[in-house]
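No hydrogens, no waters, no symmetry mates; every other heavy atom, side chains included, goes into these values.
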Amino acid sequence: MNLKNYKPILNLVLLAGVAYFIHKLIFHLLKFNEARFLYSMETLYLLFLGMSILVFIVVLKVKQRSFDNTGMSFLLGTSVKLIFCYLILKPILQLNTHDNSIEKINFFMIFALFLTIETVLTIRILNRKQ
């Protein structure tokens with residue numbers, strides 16, 4: 001097993017860890033009460049990280065077999081991830097309290113963060129010539 005091939009997964013984990021600590025610090029400094037959230041920040045980060053790692057494993061396997069299909073595998077993996085994210089988000093959307101706007105924003109920020117990280121790392125994979 002060549003660890004150089006799995007460097008994007010390591011980068012993903014490191015970037016997610018840094019983002020988590022910054023996110024946690026912002027919540028602490030602004031004194032947001034996340035105790036009433038349906039999903040804790042740790043749960044969301046672990047779910048998104050797990051899904052992102054699965055997408056990258058698929059992308060890296062496809063890259064090894066057929067470099068031309070790498071981008072399409074990323075798009076397919078991200079689309080499947082989007083479906084799972086909607087299923088996770090659905091209970092938050094169905095809450096009728098006015099207090100859950102911060103939770104919705106938190107969810108979408110984490111989603112956008114991981115999507116951005118995945119996209120940038122995939123672009124780096126696609127820009128490397130074999």
Side-chain angles (χ1 to χ4, degrees):
M1 178 170 88
N2 191 358
L3 292 178
K4 186 177 179 183
N5 292 338
Y6 295 97
K7 187 177 178 186
I9 294 175
L10 178 63
N11 290 338
L12 172 69
V13 172
L14 291 174
L15 288 171
V18 168
Y20 168 75
F21 285 115
I22 291 171
H23 198 159
K24 198 69 167 172
L25 180 66
I26 290 170
F27 264 51
H28 178 71
L29 292 175
L30 296 177
K31 295 180 177 42
F32 284 130
N33 183 12
E34 62 178 295
R36 289 186 276 168
F37 285 2
L38 190 59
Y39 302 112
S40 70
M41 194 181 310
E42 292 81 11
T43 302
L44 289 177
Y45 269 89
L46 287 174
L47 283 171
F48 280 108
L49 182 62
M51 288 187 284
S52 295
I53 288 173
L54 286 175
V55 167
F56 266 107
I57 289 172
V58 169
V59 166
L60 292 172
K61 291 294 182 187
V62 169
K63 178 189 168 218
Q64 288 175 350
R65 294 177 191 207
S66 173
F67 185 78
D68 294 334
N69 294 325
T70 304
M72 293 303 288
S73 67
F74 170 73
L75 290 175
L76 180 64
T78 303
S79 299
V80 171
K81 179 182 165 187
L82 181 64
I83 293 169
F84 284 118
C85 288
Y86 174 73
L87 294 175
I88 294 168
L89 178 65
K90 194 172 180 180
I92 297 172
L93 294 175
Q94 291 176 344
L95 291 175
N96 291 329
T97 62
H98 66 282
D99 293 343
N100 70 345
S101 63
I102 294 174
E103 185 172 10
K104 290 176 188 176
I105 292 169
N106 184 50
F107 185 91
F108 284 116
M109 285 181 62
I110 296 171
F111 175 78
L113 172 75
F114 275 92
L115 184 60
T116 303
I117 292 171
E118 287 177 20
T119 304
V120 168
L121 292 176
T122 301
I123 289 170
R124 290 169 79 191
I125 290 171
L126 291 173
N127 282 337
R128 274 190 221 129
K129 300 291 181 195
Q130 288 189 1

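Annotation for Leu38 and Glu103: closest pair N-OE2, 2.6 Å, computed over non-hydrogen atoms. Closest of all the heavy-atom pairs between Ile88 and Leu47 is CD1-CD1, 4.0 Å. Leu113 and Ala19 get closest at one heavy-atom pair: CD2-CB, 3.3 Å. Scanning both residues, Pro8 and Leu60, for their nearest heavy atoms gives CG-CD2, 4.3 Å.
Note that the NZ atom of Lys104 and the CD1 atom of Ile92 stand 9.0 Å from one another [nearest 0.5 Å]. Atom CZ of residue Phe32 and atom CD1 of residue Ile102 lie 4.5 Å apart, to the nearest 0.5 angstrom. For the atom pair Tyr86 OH and Leu93 CG, the distance stands at 6.5 Å (nearest 0.5 Å). Taking CG from Asn69 and CG from Leu75, the interatomic distance works out to 11.5 Å, rounded to the nearest 0.5 Å. Distance check: Arg124 CZ to Thr119 OG1 gives 13.0 Å after rounding to the nearest 0.5 Å. Separating the CD1 atom in Ile83 from the OG1 atom in Thr78 is a distance of 11.5 Å, to the nearest 0.5 Å.
The hydrophobic clustering, which links ILVMFWY residues whose side-chain heavy atoms are closer than 4.5 Å, places Leu46 and Leu10 apart. Connection of Ile22 to Ile117 is established within a shared hydrophobic cluster, with ILVMFWY side chains joined at heavy-atom distances below 4.5 Å, either directly or through further cluster members. Hydrophobic cluster membership is shared by Val13 and Ile110, with clusters built from Ile, Leu, Val, Met, Phe, Trp and Tyr side chains linked at under 4.5 angstrom. No path of Ile, Leu, Val, Met, Phe, Trp and Tyr side chains, each step under 4.5 Å between heavy atoms, connects Leu49 with Met109, placing them in separate hydrophobic clusters. Leu14 is not connected to Met41 by any chain of hydrophobic side-chain contacts under 4.5 Å among Ile, Leu, Val, Met, Phe, Trp and Tyr, and they are in different clusters.
For the pair Leu115/Lys81, no side-chain contact is recorded, criterion being any heavy-atom separation below 4.5 Å from C-beta on. Taking the side chain as every heavy atom from C-beta outward, Leu121 and Val59 never approach each other to under 4.5 Å. In this structure, Ile57 and Ile53 have side chains that are in contact, with non-hydrogen atoms separated by less than 4.5 Å.
Residue pairs satisfying the salt bridge (Lys or Arg N to Asp or Glu O under 4.0 Å) criterion with at least one member in residues 29-58, sequence neighbours excluded, are listed as follows: Lys24-Glu34, Lys24-Glu42, Arg36-Asp99.
Phe21 has its ring centre no less than 6.0 Å from the ring centre of Tyr45.
In this structure, the side chain of Ser73 engages the main chain of Thr70 through a donor-acceptor pair within 3.5 Å.
The ring-ring contact (aromatic ring centres under 6.0 Å, His included) with Phe114 is formed by just one residue from the set Phe107, Phe56, Phe48; it is Phe48.
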Stepwise side chain to side chain contact (heavy atoms under 4.5 Å, CB included) check, Phe74 with Val62: CA-CA 9 Å; Phe74 170 73; Val62 169; over 6 Å; no

Worked check of side chain to side chain contact (heavy atoms under 4.5 Å, CB included) between Phe111 and Leu82: CA-CA 9 Å; Phe111 175 78; Leu82 181 64; 3.6 Å; yes

Chi angles and distances behind the side chain to side chain contact (heavy atoms under 4.5 Å, CB included) call for Asn106, Phe27: CA-CA 10 Å; Asn106 184 50; Phe27 264 51; 3.7 Å; yes

